Colleague: 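Starting off with a structure, shown below.
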Amino acid sequence: MRRRRRLRHIILSILSSKGAMTGAQIMREIERVTQGFWKPSPGAIYPTLDKLLEEGYVVISKVDGAQKFYEITELGREFLSPKHQLETIIEEVVSDLRFIMENKDELDQELKDKLKKVLQEVMSSLDRS
């Protein structure tokens, strides 16, 4: 889930800064930005682009033969906003915390203490803001 969210974010960020691009151009840009450490496969890029298209985050702005050029929409720009990112992360944290609560009997004392410390830091920080 998080990997897909990151890929969506990366694709939208690239389209936001570079303008309309094809899936192949997006793959090359990701490879360039990561200095060759990651070249996503067509099997990762195109289903993600299809999902972004379906959700209204991108549109096909131009078709040139078999090439489709994808462009970010205003909704896609909202997806990149810090507020939206925080909402998404909080949903994931809540889900993770529910999993921890359902499996709390598996935690040893060291993990319990670590979790308590982090949660106390979060609560203290939120109270100060």
Side-chain angles (χ1 to χ4, degrees):
M1 174 68 120
R2 289 184 179 136
R3 277 190 187 159
R4 269 185 267 141
R5 183 173 58 86
R6 284 186 190 120
L7 182 56
R8 292 159 55 97
H9 190 273
I10 290 166
I11 290 171
L12 290 173
S13 294
I14 288 170
L15 292 175
S16 177
S17 65
K18 300 283 185 177
M21 298 176 81
T22 67
Q25 290 171 327
I26 293 168
M27 285 187 286
R28 283 193 299 273
E29 182 64 12
I30 292 171
E31 183 179 21
R32 186 191 70 75
V33 168
T34 63
Q35 298 178 351
F37 285 105
W38 181 34
K39 181 180 182 184
S41 70
I45 291 291
Y46 290 104
T48 303
L49 284 168
D50 288 343
K51 190 74 173 158
L52 291 169
L53 187 62
E54 178 184 309
E55 293 172 343
Y57 295 129
V58 299
V59 294
I60 296 172
S61 61
K62 178 177 138 184
V63 177
D64 184 12
Q67 292 184 321
K68 296 176 186 173
F69 288 79
Y70 297 88
E71 188 173 350
I72 191 169
T73 64
E74 192 55 41
L75 188 61
R77 291 184 197 289
E78 288 174 23
F79 179 90
L80 294 175
S81 73
K83 183 177 187 312
H84 182 270
Q85 294 302 307
L86 285 168
E87 289 169 352
T88 302
I89 291 167
I90 288 170
E91 287 174 19
E92 290 175 359
V93 168
V94 168
S95 176
D96 290 346
L97 287 172
R98 286 199 173 112
F99 177 82
I100 290 169
M101 290 186 298
E102 291 169 3
N103 295 282
K104 65 181 176 272
D105 296 338
E106 301 296 320
L107 295 171
D108 62 23
Q109 193 58 48
E110 184 180 342
L111 287 175
K112 287 178 185 177
D113 291 343
K114 184 177 183 178
L115 182 60
K116 285 178 188 177
K117 182 180 180 202
V118 169
L119 291 173
Q120 287 169 347
E121 288 172 8
V122 169
M123 291 182 62
S124 178
S125 176
L126 290 174
D127 287 343
R128 286 192 303 266
S129 61

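Quick caveat, the model's predicted, so the values are computed rather than measured.
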Colleague: Distance check, rounded to the nearest 0.5 Å: I60 atom CD1 versus K68 atom NZ?
Modeller: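 Reported value, rounded in 0.5 Å steps: 4.5 Å.
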
Colleague: Closest approach of S61 and E71, non-hydrogen atoms and distance?
Modeller: CB-OE1, 3.0 Å

Colleague: Side chain of S16, backbone of L12: donor and acceptor closer than 3.5 Å?
Modeller: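 Side chain of S16 to backbone of L12, a donor-acceptor pair under 3.5 Å: no, none is there.
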
Colleague: Closest heavy-atom contact between F37 and T34?
Modeller: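 Closest approach of F37 to T34: CD1-O, 2.9 Å.
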
Colleague: Any link between M101 and M123 through a network of hydrophobic side chains (Ile, Leu, Val, Met, Phe, Trp, Tyr) touching at under 4.5 Å?
Modeller: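 No, it is not one cluster - the side chains of M101 and M123 are not joined through contacts under 4.5 Å.
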
Colleague: Using side-chain contact (heavy atoms from CB on, under 4.5 Å), reason through I11 and I72 one step at a time and then give a plain yes or no.
Modeller: CA-CA 9 Å; I11 290 171; I72 191 169; over 6 Å; no

Colleague: Any idea which heavy atoms bring E55 and L75 closest together, and the distance?
Modeller: O-CD2, 3.4 Å

Colleague: Considering all heavy atoms of both residues, which atom of A44 and which atom of L7 are nearest to each other, and what is their separation?
Modeller: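 Nearest heavy atoms, A44 then L7: O-CD2, 3.6 Å.
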
Colleague: Tell me whether Q25 contacts the main-chain N or O of T22 through its side chain, where contact means a donor paired with an acceptor under 3.5 Å.
Modeller: yes

Colleague: Using the side-chain contact (heavy atoms from CB on, under 4.5 Å) rule, take R8 and F79 through it: C-alpha gap first, then chi angles, then the decisive distance, then the call.
Modeller: CA-CA 9 Å; R8 292 159 55 97; F79 179 90; 4.0 Å; yes

Colleague: As an exercise, state the distance from CD1 of I10 to CD1 of I30, rounded to the nearest 0.5 Å.
Modeller: 5.5 Å

Colleague: Keeping the roles fixed (side chain from D64, backbone from Q67), state whether a donor-acceptor pair exists under 3.5 Å.
Modeller: no

Colleague: For the hydrophobic clusters of this structure (ILVMFWY residues joined by side-chain heavy atoms under 4.5 Å, transitively), does one cluster hold both V33 and L80?
Modeller: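 No, separate clusters.
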
Colleague: Are E110 and K114 close enough for a salt bridge, meaning some N to O gap below 4.0 Å?
Modeller: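 Answer for the salt bridge query: no.
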
Colleague: Rounded at 0.5 Å granularity, tell me how far CG in L126 sits from CZ in R128.
Modeller: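 Result: 9.0 Å between the selected atoms.
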
Colleague: Does the pair R28/E31 count as a salt bridge with the N-to-O cut at 4.0 Å?
Modeller: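 No salt bridge links R28 with E31.
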
Colleague: Rounded to the nearest 0.5 Å, how far does NZ of K18 lie from OG of S13?
Modeller: 12.0 Å

Colleague: Find the distance between CZ (R32) and CD (E29) and round it off to the nearest 0.5 Å.
Modeller: 4.0 Å

Colleague: Is it possible for you to say whether Y46 and L52 belong to one hydrophobic cluster, with membership spreading through side-chain heavy-atom contacts below 4.5 Å?
Modeller: yes

Colleague: Which pair of non-hydrogen atoms, one from K112 and one from L107, has the smallest distance, and what is that distance?
Modeller: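 Closest approach of K112 to L107: CE-O, 3.6 Å.
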
Colleague: Closer than 3.5 angstrom, by distance alone: can the side chain of T73 be matched with the main-chain N or O of Y57 as a donor-acceptor pair?
Modeller: yes

Colleague: If you take all heavy atoms of V58 and L49, which pair is closest and at what distance?
Modeller: CG2-O, 4.0 Å

Colleague: Under 3.5 Å, is there a donor-acceptor pair between the side chain of S125 and the main chain of E121?
Modeller: no

Colleague: Going hydrophobic residue to hydrophobic residue with side-chain gaps under 4.5 angstrom, can you get from L53 over to M21?
Modeller: yes

Colleague: Does E78 form a side-chain contact (heavy atoms from CB on, under 4.5 Å) with K83? I'd like the steps, not just the answer.
Modeller: CA-CA 9 Å; E78 288 174 23; K83 183 177 187 312; over 6 Å; no

Colleague: Output yes when a side-chain donor or acceptor of T88 lies under 3.5 Å from a complementary backbone atom of H84, and no otherwise.
Modeller: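 Looks like yes, one N/O pair under 3.5 Å.
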
Colleague: For Q109, look at atom CD and say whether over 12 heavy atoms of other residues, nucleotides or ligands are found less than 6.0 Å away.
Modeller: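 Result for CD/Q109: enclosed.
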
Colleague: Can you tell me how far the CG atom of L119 sits from the CG atom of L97, to the nearest 0.5 Å?
Modeller: 6.0 Å

Colleague: Consider only side-chain heavy atoms of I, L, V, M, F, W and Y, link residues closer than 4.5 Å, and tell whether I100 and V93 are in one cluster.
Modeller: yes

